[in-house]
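Take a look at the structure below.
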2 protein chains.
Amino acid sequence: MKLSEKSRSRQDYLKAILSLELNGAKVSTTSISEKLKTKPASVTGMFKVLSDLGLIEYIPYRGAELTKPGRTEAISLMRKHRLWETFMVENLGFKWDEVHEIAEQLEHIESKELIDKLDAYMGYPSFDPHGDPIPDADGNLCDRRKLVQVNMLKQGDTASVQGVLGSSDTFLRHLGDLGIRLGLVFTVMRVFEFDGSIQVEFEDEDWNMKEMTWSKKLVEQLLAELK
Amino acid sequence: MKLSEKSRSRQDYLKAILSLELNGAKVSTTSISEKLKTKPASVTGMFKVLSDLGLIEYIPYRGAELTKPGRTEAISLMRKHRLWETFMVENLGFKWDEVHEIAEQLEHIESKELIDKLDAYMGYPSFDPHGDPIPDADGNLCDRRKLVQVNMLKQGDTASVQGVLGSSDTFLRHLGDLGIRLGLVFTVMRVFEFDGSIQVEFEDEDWNMKEMTWSKKLVEQLLAELK
DNA sequence: TTAATAAATTAGGCATGACTAAAACGCGCA
DNA sequence: TGCGCGTTTTAGTCATGCCTAATTTATTAA
């Protein structure tokens, strides 16, 4: 009996459980069965399996809860789902509403290497095209509420680059050319709007003066955390 | 009974059968069982299913043969496998020997849109990193023997662009900037080598003069068919 | 405290796709 | 023609993960 084996089904259950937990809802067999379009009786069966695998804490008639390993696995699935969605929208030109179904399949591809390289290829985006945060390789989520768009910064603000909302090839190349990378700490020297585009002048850690002059939309794509 | 459903297993069998047919080998239960690491008895069972689905012609004790729909499906899998391998090597920076296992998973992703967009994203490569031809969206294979590398063309040759051997981002962008696209018909005006790099001057259908000046390796990546 | 109701579990089946063991086939060679 | 051996098929199991129907548990209201 290969109880250690991952399966599509088990992964779908873990994802559904994480989703309910994040909503603060009780993880009951009914709620899961609704999410997965199965029947409560089937959920009971799977809860036993997941419990035996140490992925959930399951008390009959009381519901289930992810354990540490279970949560790690579920977050890894969320990461894969959102990175693939981002790739399809930003690189392949899909519309944001066309990618969910395909990402449901892609998230089950087993290869940490693949997803980490895809992450790097896209410039480590912090949010997917729906605006949901993408967990990093260690499973950490970026809290959007703490971030501001670069065009909202004021003179004298010091902040660090934390993410990119939407990360098309050209935009990322542009950022790279300017030496703008994730984690860069900078101080805003001047912000002004001119003829429909926004210009931000800033100084980086090495006291080098840089500037961005983009359409308003492009500047808004760059997220930073105030220091 | 949902006999029309595609399954991972069935697809693996179709691929194995195609592979043996391309080698000119007889498609026996034993040979398939060796390829798929199952037992001949299991193959017999699956042959019946595939036969009922109209994907193979199966005569007990005689072996199996792909039908038209079966072959189409198998070639689509080959296309997906090779395109994903190409993507992983050319765009994500994998080594050519690291990608097979992952492509075995990716080839089962069901979405014609996805694979066609990935194909376009990479510039419609004709060969994968192992040098095997990639079927196009209609299942047509490119016969490598009929193609020549652009640096082998001589003054006055007329040819059409048929493929790119390896298609890194930068290389493809470069080609795009020059207006070089799949199917472009052109006539070579001048070829010469200078200081380790090769220069090809050519005229396209609209009589515009263009030139490529690249390292020898880059020019060799571009494949064309003589007219 | 108990009865009613909603939710969860158990019991028993079914389809898929693997397996083993045993029987049937096919082909080469005497 | 017929024997024998390797290949193939049949028969019967097993695990996964789903289902329905019947039972059990928890909770709420009288």
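A quick note: this is a predicted structure, and the numbers were derived from the prediction, not measured. Quick note on labels: first sequence line is chain A, next is B, and so on, each numbered from 1.
With sequence neighbours excluded, no residue forms a ring-ring contact (aromatic ring centres under 6.0 Å, His included) with B:Tyr124.
Between the side chain of B:Thr67 and the backbone N or O of B:Leu55 there is at least one donor-acceptor pair closer than 3.5 Å. In terms of modelled atom types and a separation under 3.5 Å, the side chain of A:Thr72 and the main chain of A:Lys68 share a donor-acceptor contact.
Summarising the geometry, the separation between NZ on B:Lys39 and C1' on D:dT7 is reported as 15 Å, rounded to the nearest angstrom. When the C1' atom of C:dG17 is taken as reference, atom CG of B:Leu50 falls 12 Å away, rounded to whole Å. In this structure, the OH atom of A:Tyr61 is 6 Å from the P atom of C:dT9, given to the nearest Å. Rounded to whole Å, the distance from CE on A:Met46 to C1' on D:dC19 is 14 Å. Put simply, CD1 on A:Ile59 is 12 Å from P on D:dA26, counting in whole angstrom units. Here D:dT7 presents its C1' atom at 12 Å from CZ of B:Arg62, a figure rounded to the nearest Å. Computed from coordinates, the B:Leu53 CG to C:dA15 P distance equals 15 Å when rounded to whole Å. As rounded to whole Å, 15 Å separates atom P of D:dG17 from atom CZ of B:Arg8.
Here the side chain of B:Lys48 is nearest to one of C:dT9, C:dA18, D:dT10, namely D:dT10. Distances were taken from every side-chain heavy atom of A:Thr38 (C-beta onward) to each of D:dC18, C:dG26, D:dT24; the shortest belongs to D:dC18. Nearest nucleotide to the side chain of A:Tyr58, out of C:dT9, D:dG17, C:dA18: C:dT9. When the nucleotides C:dA18, C:dG26, C:dT9 are ranked by their closest atom to the side chain of B:Ser9, C:dA18 comes out on top.
Residue B:Thr44 is the one, among B:Thr44 and A:Pro40, whose nearest nucleotide of DNA chain D lies closer to the 5' end (criterion: closest heavy atom).
With B:Arg79 as the fixed residue, the side-chain hydrogen bond (donor to acceptor under 3.5 Å, both in side chains) test singles out one of B:Asp128, B:Asp119, B:Asp138, B:Asp136: B:Asp119. Just one residue in the list A:Gln11, A:His81, A:Lys80 forms a side-chain contact (heavy atoms from CB on, under 4.5 Å) with A:His108, and that residue is A:Gln11.
Side-chain nitrogen and oxygen atoms of A:Ser42 include none within less than 4.0 Å of the OP1 or OP2 phosphate oxygen of D:dC18. Under 4.0 angstrom from either OP1 or OP2 of C:dT16 there lies no side-chain N or O belonging to B:Arg10. For C:dA18, one of the phosphate oxygens OP1 or OP2 lies less than 4.0 angstrom from a side-chain nitrogen or oxygen of B:Tyr13. Regarding contacts with the backbone of D:dT16, every side-chain N or O of A:Ser7 stays at 4.0 angstrom or more from both OP1 and OP2.
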*Could you go through the salt bridge (Lys or Arg N to Asp or Glu O under 4.0 Å) check for B:Lys6 and B:Glu73 one step at a time?*
CA-CA 10 Å; B:Lys6 284 172 190 177; B:Glu73 172 72 15; 3.7 Å; yes
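Note that CD1 of B:Ile109 and CH2 of B:Trp84 are 7.0 Å apart. Values are rounded to the nearest 0.5 Å.
Interface residues of residues 15-28 of chain B facing DNA chain C, ordered by number: none; criterion, heavy-atom separation under 4.0 Å.
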Could you go through residues 14-23 of chain A and list every donor-acceptor pair under 3.5 Å that involves a side-chain atom there, pairing it with any protein atom two or more places apart or in another chain?
from, atom 1, to, atom 2, distance (Å)
A:Lys15, NZ, A:Glu104, OE1, 3.2
A:Lys15, NZ, A:Glu104, OE2, 2.8
A:Lys15, NZ, A:Glu107, OE1, 3.4
A:Lys15, NZ, A:Glu107, OE2, 2.9
A:Ser19, OG, A:Lys35, NZ, 3.2
A:Glu21, OE1, A:Arg71, NH2, 2.9
A:Glu21, OE2, A:Leu66, N, 2.8

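In this structure, A:Thr29 reaches the sugar-phosphate backbone alone: every heavy-atom distance under 4.0 Å involves primed, P, OP1 or OP2 atoms, never a base.
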